[in-house]
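Chain letters run A, B, ... following the sequence lines, proteins first, then strands; residues in each count from 1. Note that these values count all heavy atoms, side chains included, but never hydrogens, waters or copies made by symmetry.
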Protein chains: 2
Amino acid sequence: MTLPDLIPSNIAPLIEHFKDYLPMDADDMAMLLPRVSERQIKRRQFILQEGDVCQHYNFVVRGCFKIYKVDEKGGEHNIQFVTENDWATDIGSFHAEKPSELYIEAIEPAHILQIKRPDLLFLYVNNPKFDRNFRVIIENKFVELQNRLLQSFCESATERYLKFLEQYPELSQRLPNTQIASYLGITPEFLSKIRKDLVSK
Amino acid sequence: MTLPDLIPSNIAPLIEHFKDYLPMDADDMAMLLPRVSERQIKRRQFILQEGDVCQHYNFVVRGCFKIYKVDEKGGEHNIQFVTENDWATDIGSFHAEKPSELYIEAIEPAHILQIKRPDLLFLYVNNPKFDRNFRVIIENKFVELQNRLLQSFCESATERYLKFLEQYPELSQRLPNTQIASYLGITPEFLSKIRKDLVSK
DNA sequence: AAAGAACCTTAACCTAGATTAAGGTTTTTA
DNA sequence: TAAAAACCTTAATCTAGGTTAAGGTTCTTT
């Protein structure tokens, strides 16, 4: 539980995150530590913009981000919210080193830990624990995304909204309804109507 | 390119698939070989049904599968087609050992290679190459799924259909339009209308 | 070779959710 | 602390795509 003294405590949440998957010994931490850098992000600040190559795996220590795409007509579509102890990255852009189609923007002031591409590759090549950890992390992300697709195919907007409230009760307090509507794939006006209809029942 | 004589050639496509990610030596193959079993699947046969726990990672050597969910009203929604040299598995059900919400059904007679859960876990624990390979495989699947979600959010049915034809020209020959419509998230009747409108332009 | 099943298309009508517009409230920023 | 920006709601109108129904065609199975 307590970390060796030589590990600065501000990277502790990331170490704890990895420990959810596999035990991390002092050597593993020593390998990770010099490859992680901290950053404070202001509200409305971007850590990725359309057209840029995603250069980092970003671990959120505190705060909240939205990952979204802007369509031809300028509409924003949230594909994911990322909060404490989760990763905010465009995996496709990161690995293929291709320009991203996505924006990643802080909805709240945030504190993140970043790992650069060459550093992550170093970790993969030199310590199989990182391959393992990220395999499992991405499996979980895949399942989350698949459930999202299934919901958007199989359920009405009202059902999706109710399940969102149930599944992310904390997020639904933290976020403005505009952002939730964008995540659900509907307009804020229609969400407003859904909320009225739910109350009147 | 040529495999050692002791490896039966009918597992060759899987070995080649792994070689796309990392070199495989004789020891790796010797570890893999006894943990893979072959199966012939008939058209319309299921390798996974709703309610069952997904027990295998299924590698498709030949044929085509659809992975779909059935909604409350009995409607089918294809989330993915799987053809040669790809994996047909419900990753969520497999790893959590929970009943699946999905069906995986052969659209064409198929030949698959299966790895059981305990065998895959053995490979993960005893040879880090498998963690690596499946990390990369799932990263790619994640990106594919994310693009699908983005398209369904940002584009009209007509645009989605045109991109499908472009991205999977071979599949669009192989599949009936009913199945393509279900993948695009529209009814066969509406796809028929889209096709008519496209021709008349 | 025939019967049944799956598939494709057209067309009339229907609905979930979008759009536009407007007024009020809360939050942010200068 | 005031102006600007973001947010929320309501209501009228509009539209992409669904539903129902029906007829024709092409596979599959016996």
Provide, to the nearest angstrom, the distance between the NE2 atom belonging to A:His77 and the P atom belonging to C:dA18.
10 Å
Classify B:Thr178 by what it touches in the nucleic acid, base, sugar-phosphate, or nothing, heavy-atom distance under 4.0 Å.
sugar-phosphate
Counting only side-chain N and O atoms of B:Arg195, is one of them less than 4.0 Å from OP1 or OP2 of C:dC8?
no
Touch class at under 4.0 angstrom, heavy-atom based, for B:Gly75 against every strand present:
nothing
Nearest-Å distance for atom pair CG/P, residues A:Asp197 and D:dT9:
12 Å
Kindly point out which of C:dG17, C:dA11, C:dA21 is positioned nearest to the side chain of B:Glu189?
C:dA11
Here's a test of your reading of the structure: between A:Ala157 and B:Gln179, which maps to the more 5' nucleotide of DNA chain C?
B:Gln179
A:Asn177 side chain N/O closer than 4.0 Å to the phosphate oxygens (OP1, OP2) of D:dC8?
yes
Could you walk me through whether B:Arg135 and B:Glu139 pass the salt bridge (charged side-chain N to carboxylate O under 4.0 Å, His left out) test, one step at a time?
CA-CA 6 Å; B:Arg135 173 178 63 74; B:Glu139 278 165 6; 2.7 Å; yes
Nucleotide nearest B:Phe190 (side chain, heavy atoms from C-beta), chosen from D:dT10, C:dC8, D:dA16:
D:dA16
State whether A:Thr187 places a side-chain N or O below 4.0 Å from either non-bridging phosphate oxygen (OP1 or OP2) of C:dA18.
yes
Which whole-number value in Å describes the distance from A:Ile107 CD1 to D:dA6 P?
14 Å
Could you tell me how far apart B:Ile180 (CD1) and C:dC7 (P) are, to the nearest whole angstrom?
12 Å
Look at the side chain of A:Ser192 and decide which nucleotide, out of D:dA6, D:dT9, D:dG17, has an atom nearest to it.
D:dT9
Could you tell me the separation between the CD atom of A:Glu155 and the C1' atom of C:dG17, rounded to a whole number of Å?
17 Å
Nucleotide D:dA6, atom P - distance to CZ of A:Arg43 in whole Å
10 Å
Do the ring centers of A:Phe130 and A:Phe18 come within less than 6.0 Å of each other?
yes
What is the distance from CG of B:Leu198 to C1' of C:dT10, rounded to the nearest Å?
16 Å
Between D:dT28 and B:Arg44, is there an OP1 or OP2 to side-chain N/O distance shorter than 4.0 Å?
no
Side chain B:Asn126, main chain B:Phe122, donor-acceptor under 3.5 Å:
yes
Nearest-nucleotide wise, let me know which of B:Arg160 and A:Leu191 is further upstream toward the 5' end of DNA chain D.
A:Leu191
Determine the sole option in B:His77, B:Gln179, B:Glu105 for which the side chain to side chain donor-acceptor pair (under 3.5 Å) test with B:Tyr68 is passed.
B:Glu105
Side chain of B:Lys196 only, heavy atoms from C-beta on: which candidate in C:dT10, D:dC8, D:dG18 is closest?
C:dT10
Length of the CD1-C1' vector between B:Ile194 and C:dT10, whole Å
15 Å
Testing B:Tyr21, B:Phe59, B:Trp87, B:Phe94 for ring pair (Phe, Tyr, Trp, His ring centres under 6.0 Å) with B:Phe134, which one passes?
B:Trp87
